[in-house]
Amino acid sequence: MKFATKAIHAGVEPDPSTGAIMTPIYQTTTYAQERVGAHKGFEYSRTANPTRAALETNLAALENAKYGACFASGLAAIDCLLKMLNPGDEVISTNDLYGGSYRLFQGIFAKYGIVFHYTPMQDAAKIEALMNEKTKLIWVETPTNPMMNVIDIEAVAAVVKRGKAILAVDNTFATPCLQRPIDLGADVVMHSVTKYLGGHSDVVMGALVTNDEAIAKEMYRIQNSSGAVCGPQDAFLVLRGVKTLHLRMERHSQNGDRVARWLLEQDAVDKVYYPGLESHPGHEIAKRQMSAFTGMVSFSLKDDTTAAAHDVLNRCKLFSLAESLGGVESLIGHPATMTHASIPADVRRACGITDSLIRLSVGIEDADDLIADLHRAITEP
Ligand code: P1T
């Protein structure tokens with residue numbers, strides 16, 4: 001089955017009791033059992049719920065994986081993955097990553113004796129230099145948030161396969177519509193479903209998917225034991241959102257490209273970070289491993305100050321000043337003081353998050369209106 005067909009049909013069967021074409025919201029905590037031990041596969045909704053199960057099957061299918069698990073947020077999904085590790089284990093992560101993932105690594109799991117190394121993975125040899133027998137997880141975000149760096153998943157997988165670590169890819173920015181890391185050698189894919197998969201800025205959710213039976217067993221054990229699951233209503237909303245993922249990603253990518261190319265021509269703009277630009281250092285890799293380049297665009301100003309960035313943010317009308325990304329409406333944010341404020345300033349600057357860096361989540365509105373809004377914000381005093 002091709003992607004668009006899977007987006008609409010995978011995991012979704014007409015409801016057996018009524019024929020309802022949409023998976024019902026099974027708003028129930030528990031399920032009557034015929035006698036002790038005899039049930040229809042559902043005992044308690046933390047463990048399994050039919051609406052959630054349909055979504056888990058759907059998301060796994062979109063990533064060409066067998067097993068999927070949904071969580072209360074993207075960070076809860078990463079939390080589940082990290083709980084597969086033991087004290088003393090080591091993780092190698094991209095140095096440029098979502099601030100909340102960094103906070104979870106350093107603020108929570110480092111305390112339990114897990115050691116994190118951060119390195120720019122554009123050069124896969126950097127990973128090899130950090131790998132040892134304690135390395136259990138390689139954490140890749142690509143394209144990265146917010147610098148839009150592109151990591152060659154196949155090249156990283158080739159290095160990782162020489163050891164015994166799990167290769168996990170945060171595929172939030174690309175979505176399975178544009179990039180499928182498992183096909184490129186990853187063991188686990190993680191999503192902040194909150195973003196493009198949900199697509200309408202109305203659900204906070206996370207997901208893990210894998211093809212590896214042993215990892216899946218641990219994933220479900222931890223999902224049930226720690227209990228950070230999503231509710232059935234949210235699962236329903238995401239099932240609905242995913243049905244248009246391919247259409248939305250096409251328009252997000254077209255609009256992202258238009259906005260990035262327009263920004264390049266503006267006098268006030270210093271650098272534009274978008275993998276669709278021929279000048280982007282990861283463009284060739286992105287062309288190989290992604291089918292389009294998303295609606296995420298970052299740029300910096302020649303006046304490299306927080307005040308200049310805040311002025312642009314405050315002048316936008318159509319772009320809402322807000323955290324998050326991936327919804328149909330356009331958002332604008334300032335990583336240094338918003339999404340990445342939890343990363344120490346020196347670490348932040350080292351990976352290019354300057355004071356004037358601005359991140360756009362380009363929505364699916366008319367691109368002319370979006371550009372007019374940015375034009376006003378960037379050029380008018
Ligand atoms: O917000 P949550 O659903 O818990 O997802 C966390 C997360 C994980 N990975 C990436 C790449 C992300 O971008 C996020 C969340 N990011 C934002 C809220 C943001 O504005 O960047």
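Computed from a predicted model, the values in this text were never measured in an experiment. Note that ligands are numbered from 1 as they come in the structure, with each ligand's atoms numbered from 1 the same way.
- Salt bridge annotation for Arg52-Glu56: present, with a cationic side-chain nitrogen under 4.0 angstrom from a carboxylate oxygen.
- In summary, the atoms of ligand 1 found under 4.0 Å from a heavy atom of Ser73, numbered by their order in the structure, are 3 (O), 4 (O).
- By the 4.0 Å heavy-atom criterion, His191 is excluded from the residues contacting ligand 1.
- One finds no salt bridge joining Lys164 and Glu133 here, because no Lys/Arg side-chain nitrogen approaches an Asp/Glu carboxylate oxygen to under 4.0 Å.
- Checked by distance only, ligand 1 and Ser101 stay at 3.5 Å or farther apart across all their nitrogen or oxygen atoms.
- Residue-level proximity to ligand 1 for Met338 is absent, since no heavy atom of it falls below 4.0 angstrom.
- We find that Lys271 and Asp304 are not joined by a salt bridge, their nearest charged nitrogen and carboxylate oxygen being 4.0 Å or further apart.
- Of the protein's non-hydrogen atoms, Thr194 OG1, 2.6 Å is the one closest to atom 3 (O) of ligand 1.
- The closest approach between any non-hydrogen atom of Gly100 and ligand 1 is not below 4.0 Å.
- Contact annotation: for Asn145 versus ligand 1, heavy atoms closer than 4.0 Å belong to the side chain alone.
- Within a 6.0 Å radius of CD in Glu278, other residues, nucleotides and ligands contribute more than 12 heavy atoms.
- For the pair Leu75 and ligand 1, the shortest N or O to N or O distance falls below 3.5 Å.
- Contacts of Glu218 classified as salt bridge (Lys or Arg N to Asp or Glu O under 4.0 Å), with partners at least two apart in sequence or in another chain: Arg221.
- Near Met205, with a cut-off below 4.0 Å to any heavy atom, the atoms of ligand 1 are 3 (O).
- Annotation: side chain of Met84 is in contact with side chain of Ile215 (closest heavy-atom distance under 4.5 Å).
- Annotation: atom 7 (C) of ligand 1 to nearest protein heavy atom, Tyr98 CD2, 3.3 Å.
- Annotation for ligand 1: atoms under 4.0 Å from non-hydrogen atoms of Asp170 are 8 (C), 9 (N), 10 (C), 11 (C).
- Ring geometry for Phe293 against His283 counts as tilted: the plane angle lies between 30° and 60°, on a 0 to 90° scale.
- Ligand 1 has a nitrogen or oxygen under 3.5 angstrom from a nitrogen or oxygen of Arg359.
- Within the structure, ligand 1 has Lys195 among the residues with a heavy atom less than 4.0 angstrom away.
- Atom CZ of Arg240 has 12 or fewer neighbouring heavy atoms from other residues, nucleotides or ligands inside a 6.0 Å radius.
- Polar contact with ligand 1: absent for Val204 (N/O pair, distance under 3.5 Å).
- Residue contacts with ligand 1, taken as heavy atom pairs separated by less than 4.0 Å, involve Leu325 solely via side-chain atoms from C-beta onward.
- Given atom 5 (O) of ligand 1, the protein heavy atom at minimum distance is Ser192 OG, 3.0 Å.
- Salt-bridge formation is detected for the pair Arg349/Asp355: a Lys NZ or Arg NE/NH1/NH2 atom is positioned less than 4.0 Å from an Asp or Glu carboxylate oxygen.
- Taking only nitrogen or oxygen atoms, main chain and side chain alike, Glu323 does not reach within less than 3.5 Å of ligand 1.
- Atom NZ of Lys40 has 12 or fewer heavy atoms from other residues, nucleotides or ligands within 6.0 Å.
- Close approach to Gly74 involves these atoms of ligand 1, each under 4.0 Å from a residue heavy atom: 2 (P), 3 (O), 4 (O), 5 (O).
- Among the candidates Gln179, Met290, Met148, Lys195, the single residue satisfying the side chain to side chain contact (heavy atoms under 4.5 Å, CB included) test with Phe173 is Met148.
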